[in-house]
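These numbers were taken from a predicted model, which means no experiment stands behind them. Hydrogens, waters and symmetry mates play no part in the numbers below; they use all other heavy atoms, side chains included.
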Amino acid sequence: MIAEVEEKADELVRAAEALYLDGLQFIPDGYFHYSIIRRQERIYVLRITYLGG
């Protein structure tokens, strides 16, 4: 699960430069909420929800 979140976070970093993102990302066994702070050039994962699987 952690590896999946890290992989998606890496994708978000690349996409954040070109797109507006909504703060929710789905992964195979759940989803996570994040916040983009452009001024700090950071994406913070705020909450991970594991749905089992």
Side-chain angles (χ1 to χ4, degrees):
M1 177 85 176
I2 298 298
E4 292 170 353
V5 170
E6 288 175 343
E7 181 181 330
K8 286 293 182 179
D10 287 342
E11 291 176 19
L12 291 170
V13 168
R14 291 188 297 274
E17 295 178 354
L19 303 172
Y20 171 78
L21 303 173
D22 66 1
L24 179 65
Q25 184 69 43
F26 291 93
I27 54 177
D29 290 329
Y31 58 94
F32 64 97
H33 294 265
Y34 60 90
S35 179
I36 299 171
I37 310 299
R38 292 180 188 272
R39 183 176 59 236
Q40 297 176 357
E41 297 181 354
R42 301 266 193 269
I43 293 179
Y44 294 95
V45 176
L46 305 173
R47 180 178 8 171
I48 298 171
T49 303
Y50 178 66
L51 300 175

Contacts of type side chain to side chain donor-acceptor pair (under 3.5 Å), residue Tyr44, not counting sequence neighbours = Gln40

The ring-ring contact (aromatic ring centres under 6.0 Å, His included) partners of Phe26 (sequence neighbours excluded) come to Tyr31

Taking all non-hydrogen atoms of both residues, which atom of Ser35 and which atom of Leu46 are closest, and how far apart?
-> CB-CD1, 3.8 Å

Can you sort out the partners of Arg39 under side-chain contact (heavy atoms from CB on, under 4.5 Å), two or more places apart, ordered by chain and number?
-> none

Nearest 0.5 Å, what's the CD-CD1 distance between Glu4 and Ile27?
-> 5.0 Å

Could you tell me the separation between the CD1 atom of Ile43 and the CD atom of Glu11, rounded to the nearest 0.5 Å?
-> 10.5 Å

Residues which pass side-chain contact (heavy atoms from CB on, under 4.5 Å) with Glu6, listed by chain and number, not counting sequence neighbours | Ile2

